[in-house]
Amino acid sequence: MAVGVAVVETSSLGDRSYLVHDGDVAVVVDPQRDIDRVLALAGRLGVTITHVAETHLHNDYVSGGLALARLTGADYLVAAAERVDFDRLAVADGDEITISDELRLRVVATPGHTFHHLSYVVLADGAPVAACTGGSLLYGTTGRTDLLGAEHARTLAAHQHASARRLADQLPAYAALWPTHGFGSFCSASAPDADTSTIGRERDVNPALRLDAGQFVAELLAGLGEYPAYYAHMGQRNAAGAAAIDLSRPPAAGPPDLHERIAAGQWVVDLRARKAFAYRHLAGALSFGLDGPLATWLGWLLPHGAPLTLLGESAAQVTAAQRELARIGIDRPAAAATGVPEDWAGGHEMRLATLATATFADLAAAYPGLAGRVLDVRRSQEWAAGHVDGAVHVPLPELAGRLAELPEGTLWVHCAAGYRAAAAASLLARAGRRVVHVDDAWANAAAAGLPIR
């Protein structure tokens, strides 16, 4: 029998979910919150979902597993060692779950990314053909080990090394690897080195399978960087069990309401592309375009539980943003408005603003007179790899709390590609600062003649 697998990609969060089937019945592994995508896929394939499996309680997104299991009547596989507030089929190392006469899953305990992490070996007619590895063995790397607290990182890193080797020892070289993380997710310890892989390939390239335990642990811990603040709330939310996603339209906000929300310091977020935002926007609004990693950066910066108002060109744009945000637990915007900035301002020209933009070539021309007023909002690892000499470094997630540290005068703000710099520039403008958004690729900085150190 040939096992079929269909991938549900969530590129905005760097994750994959899997629908594994025999042509008639299927198991879904690590589904995201918006399960309509999974149901539509099952419908297109003509398969019935009989099982839903979690490799672990996720830290980077709210799972749709419980809602999917309840809707379909499927068995919901969750590690027996996890404390959860819902009924599930508790599974543990060595269990075999029958999906059909031809398709089974073997449960393998693979602690490391979390203490109770599981992987699922896919058996076709009794032979192992693949493994769903969640945040354990990834493509050329593994899941990070510090998400449950820095105090556990070293212990979990040692577990991660042992788990990867134990899993690899159980599988033939041809077995496919189907991880959940590792496609841009901050759950990955480092960037992946491929888009597909097998156990045989990982034995050649993966540090967990090439290095001894001590060297692996040291290298993994040394490479860990920041991760989004909203991760702190995901595990608890998943242990409690998330309700079905609600993408119904938020309450409409007219110009007076928008003005009051901005005056009160609430987050009013403009979903349009950053160039449109720079040309004209509602004064006090913040730029988090839907054309970039909205969920990651807005979810990282928005104070937990704070009311959020969305501004979009259309209702479809607002709904798309709702979907992205619901995946990380920001379920219901307080309000929304659609149209153009003139609509949101209600004819009050003073409520509209523009944002100056520039390239790195422009920055190079102005650089001699800026006296350190270049603001780099990239992550610490990016800064360490090279930065404009004399620039001020404040990573975007820290910006709102460190405004008092910034030099006076007009700030020229940049990141690696422009998206984070747009968000930073809008935050600065809301705080009353004069700012120039350097909307350019970092690769152009040295070529423009800027001094890099």
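Across all their heavy atoms, Ser119 and Thr110 have their closest contact at OG-OG1, 3.0 Å. Listed here is the closest heavy atom pair of Tyr230 and Thr296: CE2-O, 3.7 Å. Pairing each heavy atom of Glu226 with each of Ser380, the nearest pair is OE2-OG, 2.9 Å.
Residues forming a salt bridge (charged side-chain N to carboxylate O under 4.0 Å, His left out) with Arg378 (at least two apart in sequence, or on another chain): Asp376.
A donor-acceptor pair under 3.5 Å is formed between the side chain of Asp30 and the backbone N or O of Thr55. Without hydrogens or angle criteria, Trp344 side chain to Thr338 main chain gives a donor-acceptor distance under 3.5 Å. Not a single donor-acceptor pair under 3.5 Å links the side chain of Asp343 to the backbone N or O of Gly339. A donor-acceptor pair under 3.5 Å links the side-chain atoms of Arg373 to the main chain of Thr410, judged by distance alone. Listed for the Arg33 side chain is a donor-acceptor partner under 3.5 Å among the backbone atoms of Ala243.
Using cut-offs of 30° and 60° for the angle between ring planes, the His233 and His304 rings count as parallel. Ring-plane geometry between Trp178 and Tyr18 is classed as parallel, the angle between the planes falling under 30 degrees on a 0 to 90 degree scale with a further cut at 60. Ring geometry, His113 versus His117: the interplanar angle exceeds 60°, so the pair is classed perpendicular (tilted spans 30 to 60°).
In this structure, His58 NE2 and Gln32 CD are separated by 8.0 Å, a value rounded to the nearest 0.5 Å. Taking OG of Ser136 as the start and CG of Leu167 as the end, the distance is 6.0 Å to the nearest 0.5 Å. Separating the CD atom in Glu313 from the CG atom in Leu290 is a distance of 9.5 Å, to the nearest 0.5 Å. Atoms CG and CD, on Asn238 and Glu54 in that order, are 7.0 Å from each other to the nearest 0.5 Å. Taken to the nearest 0.5 Å, the OH atom of Tyr120 stands 9.0 Å off from the SG atom of Cys132.
Among His181, His116, Glu82, the single residue meeting the side chain to side chain donor-acceptor pair (under 3.5 Å) criterion with His56 is His181. Only one option out of Ile49, Thr50, Leu77, Val20 pairs with Val27 in a side-chain contact (heavy atoms from CB on, under 4.5 Å); it is Val20.
Considering only heavy atoms from C-beta on, Val47 comes within 4.5 Å of Leu19 through its side chain. Side-chain contact check for Asn59 versus Leu148: some heavy-atom pair is nearer than 4.5 Å. The shortest side-chain heavy-atom distance between Tyr227 and Cys187 does not fall under the 4.5 Å cut-off.
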Q: Could you give me the CA-CA distance, side-chain angles and deciding distance for Leu363 and Leu370, then say whether side-chain contact (heavy atoms from CB on, under 4.5 Å) is met?
A: CA-CA 9 Å; Leu363 175 57; Leu370 291 182; 3.4 Å; yes
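A salt bridge links Glu405 with Arg402: the distance from a Lys NZ or Arg NE/NH1/NH2 to an Asp or Glu carboxylate oxygen falls below 4.0 Å. Ion pairing between Arg280 and Glu342 holds under the 4.0 Å rule for side-chain N and carboxylate O. Salt bridge Asp146/Arg154: absent, no basic N to carboxylate O contact under 4.0 Å.
A cation-pi arrangement is absent between Arg261 and Trp267 under the rule of less than 6.0 angstrom and at most 45 degrees off the ring axis. Because its NZ or CZ atom is not both nearer than 6.0 Å to the ring centre of Tyr419 and within 45° of the ring axis, Arg274 does not count as a cation-pi partner of that residue.
Between Thr145 and Gln160, the side chains place no donor N or O within less than 3.5 Å of an acceptor N or O (distance only, hydrogens not considered). Looking at Ser185 and Asp60, their side chains do bring a donor and an acceptor atom within 3.5 Å of each other. No hydrogens or angles considered: nothing links the side chains of Glu202 and Tyr139 as a donor-acceptor pair under 3.5 Å.
The distance between the ring centers of Phe360 and Trp412 does not fall below 6.0 angstrom. Note: Tyr76 and His51 fail the aromatic proximity criterion, with ring centroids not under 6.0 Å apart.
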